[in-house]
Amino acid sequence: MNYANSQLPVVVLCSSDESAANWRERRTYCPDLDIVPMAFVSQAWKILRDVVADYEGAVVVCQEHVWFGMEFGSEARRLIEDLDRRFPRWGACGNRGCVWEGAVLYDYTAYTRNQGGGIGAALAPRPVFTLDDNLVLVNCRNLRDCELADLGGLESPIFGVTLSLECLRHGLPLFVDPRLFTVRTAQHGAAGVAVLGASTEFRSYYREHFINHLVPWPDADLDTKSYVDYDYAARPAHRPAQRDLLELFEQNLATARPRRTSISLCCRTQFGRSELLWRALASFTSAKIDARACLDLDVRLLTDCEPDVSAPHLDALRKEFPALSLECWRHTVRPPRHSRADLLFGAIERAETDYIWFVDDDDYIMPGALQALARTLMPAADVLVVADSLKVEETWAAPEGEEAPTLTNSRIVNKFSHQNVFRVLAGANHIPICSVLWPVRFMAKCLADRRALGDYNEDYFMLLAALSAPQVEVRPLDAIIAGVSFRGADNTVNETDRAAWHYSYATFVQEVLSDPACNPLLWQMAKAGFGAKNTPEDPAR
């Protein structure tokens, strides 16, 4: 349906006649919206069925406690056209929901109540697991083709849970998008959620179709363990009727992608630490096996070594790791050698994938990392993904009578957390390069004409350049994707001259953050944070 020259239908679920009257008055201020208030709603699931039956295209269904701006109608229209073009099988789109990334399920919301969550900075539709029902675009066209559940006499004003479950059950992806941003003045209370979870109708519906214990919902969790039917384990014939929620989400996530996301996994090496490089490549092999069903992963070695130095090593590694189909990208670092950032820049220029992942030869990929990334990365999305890495202190030594060092001792001493990503703007790098998945198209634009003059801090330069870019979108991932090896004096870089470090930092701060095209908000935040931390208190104040 073309909404360009027609009113966008908005169905408002109201708790009283007074609320319905207030919404009727709003029609005057929103001439592009066809607002239909419904009073005394006690069976929101039934009204949703009626809406799907009565309308042909997309309809806004919302609770009474929302306010939206004057541009809401035009933004929603553009979003509908975007969804219809990119995801023809979409089921519903809201402004708040739960997303499963890594091993953690958390709110993906329009505010920052929980660490790192928020669609306020998102630039495109994002697939989610379940939707909050404060305001939702419902795709009646697709839902009408589905046999929707009949929940009988269920009395509840909550429709988001059943809508989400029905979309999952019928393979219709759910999304959140900032273009549906509204001000929400109330939310469903715990008592209302408990009534839904305790109802006989909902219990029967859930037992018939699903086997998970928990229905994740933005305001509260519906604990369903008391009425999940565990018969499915003893009676295999009944198993197809009951579906795993996480499995359904994975299938819908795949449906929401026009194609599989591609990653160039790049390992910087000078072939001087064969034992560490071997471990890194072994972890890459395992990761490539994990990625086969969900991501396209290519492995590249980055080096500034001369071909006569690297060739023998490459031949041996290709024989030992045939599954990796190793290719080596050689790049000449400019003299004088200010930084190894040239290797990073050169790789980004050559990459033809959606993302590039730098894991140095003394680091390695953790098990399960690719599954977590597969739930997070979208093809052609200009989103910087920042995850966690482990800091591991290691001792490598050659056994008596042997030349090759082996790992003799290791211990996990810390974790580099994704929650620290914006602390780098105040002058401290808490994010190793292996914790970041860099969108190739976005980074190529960010780094165009950059010189990267900072010594010892090439990874930090990359992160500053990305975070200071206009309209940067950072997506935190609560999952450990890499391990970072610390070996004392054997580490690649051990900068002890703090004066040189500060000079280097000042150099690339001037180069990156003083650019007038950079993100002014982040720049001001960085200056404010640095000043608050380093400016001495005036006793006279």
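On a predicted model such as this, the values are computed, not experimentally measured, just so you know.
The backbone N or O of T353 sits nowhere less than 3.5 Å from a side-chain atom of S262 that would complete a donor-acceptor pair. The closest donor-acceptor contact from the side chain of T255 to the backbone of Q251 lies under 3.5 Å. A distance-only check finds no donor-acceptor pair linking the side chain of T395 to the backbone of T408 [under 3.5 Å]. With hydrogens and angles disregarded, a donor-acceptor distance shorter than 3.5 Å links the side chain of T130 to the backbone of P216. Between the side chain of S283 and the backbone N or O of A280 there is at least one donor-acceptor pair closer than 3.5 Å. A donor-acceptor contact shorter than 3.5 Å links the side chain of D244 to the backbone of E247. Between the side chain of D361 and the backbone N or O of L276 there is no donor-acceptor pair closer than 3.5 Å. Of the possible polar contacts, none joining the R169 side chain to the L248 backbone as a donor-acceptor pair under 3.5 Å is found. A donor-acceptor pair under 3.5 Å is absent between the side-chain atoms of T261 and the main chain of L295, judged by distance alone. The main-chain N or O of P218 is never found under 3.5 Å from a side-chain atom of D132 such that the two would form a donor-acceptor pair.
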Does the side chain to side chain contact (heavy atoms under 4.5 Å, CB included) test come out yes or no for L137 and W90, once each step is laid out? CA-CA 10 Å; L137 270 177; W90 70 280; 4.3 Å; yes
Verify side chain to side chain contact (heavy atoms under 4.5 Å, CB included) between L344 and R268, making sure each step is shown before the conclusion. CA-CA 9 Å; L344 306 179; R268 286 181 297 183; 3.6 Å; yes
Evaluate V392 against S485 for side chain to side chain contact (heavy atoms under 4.5 Å, CB included), listing each step before the verdict. CA-CA 5 Å; V392 184; S485 172; 5.8 Å; no
Test salt bridge (Lys or Arg N to Asp or Glu O under 4.0 Å) on R300 and E327 and set out the steps. CA-CA 5 Å; R300 303 287 182 258; E327 183 178 338; 3.5 Å; yes
Check the pair L302, H331 against side chain to side chain contact (heavy atoms under 4.5 Å, CB included), reporting the backbone distance first and the verdict last. CA-CA 7 Å; L302 307 181; H331 192 86; over 6 Å; no
Take R273 and D360, measure what salt bridge (Lys or Arg N to Asp or Glu O under 4.0 Å) needs, and give me the verdict at the end. CA-CA 11 Å; R273 303 178 295 197; D360 289 343; over 6 Å; no
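At least one side-chain heavy atom of P399 sits under 4.5 Å from a side-chain heavy atom of T406. Using a 4.5 Å heavy-atom threshold, the side chains of H418 and D478 count as touching. Proximity of F129 to L245: side-chain heavy atoms (C-beta onward) are separated by under 4.5 Å at one or more points. Side chains of L79 and C93 form a contact here, defined as non-hydrogen atoms less than 4.5 Å apart. Counting heavy atoms from C-beta on, the side chains of K288 and L265 never come closer than 4.5 Å. Here the side chains of F321 and V299 are not in contact, with every heavy-atom distance at 4.5 Å or above. Counting heavy atoms from C-beta outward, F358 and L343 have side chains that stay 4.5 Å or more apart. Looking only at side-chain heavy atoms (C-beta outward), V176 and R96 stay at 4.5 Å or farther from each other.
Rounding to the nearest 0.5 Å gives a distance of 9.5 Å between CG of L373 and OH of Y355. To the nearest 0.5 Å, the span separating CD1 on I356 from CZ on R350 amounts to 10.5 Å. Expressed to the nearest 0.5 Å, how far CE of M378 lies from CG of L253 amounts to 6.5 Å. Here CG of L464 is found 11.5 Å from SG of C446. Values are rounded to the nearest 0.5 Å. Here the CG atom belonging to L168 is positioned 6.5 Å from the OG atom belonging to S164, to the nearest 0.5 angstrom. Atom CZ of residue F175 and atom CZ of residue F87 lie 4.5 Å apart, to the nearest 0.5 angstrom.
The minimum heavy-atom distance between N252 and G171, with the atom names listed, is OD1-CA, 3.2 Å. For A347 against C266, the heavy-atom pair with the smallest separation is CB-SG, 4.4 Å. Pairing each heavy atom of L131 with each of G94, the nearest pair is CD2-N, 3.7 Å. Scanning both residues, N212 and R243, for their nearest heavy atoms gives OD1-O, 4.4 Å. Of all heavy-atom pairs between C434 and I481, the closest is O-CD1, 3.6 Å. Residues V472 and L467 approach most closely at CG1-O, 3.6 Å, considering heavy atoms.
For the residue pair S389 and S435, a side-chain donor N or O sits within less than 3.5 Å of a side-chain acceptor on the partner. Between the side chains of S264 and D298, no donor-acceptor pair is found at a separation under 3.5 Å.
The pair R375-E101 does not meet the salt-bridge criterion, since no charged nitrogen lies less than 4.0 angstrom from a carboxylate oxygen. At a threshold of 4.0 Å, the pair R78-D177 does not count as salt-bridged, since none of the basic side-chain nitrogens sits closer than that to a carboxylate oxygen.
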May I have the list of side-chain donor-acceptor pairs in residues 437-445 shorter than 3.5 Å, sequence neighbours left out?
from	atom 1	to	atom 2	distance (Å)
R441	NE	D382	OD1	3.1
R441	NH2	A380	O	2.6
R441	NH2	D382	OD1	3.2
R441	NH2	D382	OD2	3.4

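Between L174 and the choices V136, V128, V99, the side chain to side chain contact (heavy atoms under 4.5 Å, CB included) rule is met once, by V128.
Residue pairs that meet the side-chain hydrogen bond (donor to acceptor under 3.5 Å, both in side chains) test with at least one member in residues 306-320, sequence neighbours left out, are W278-E320, E306-R330.
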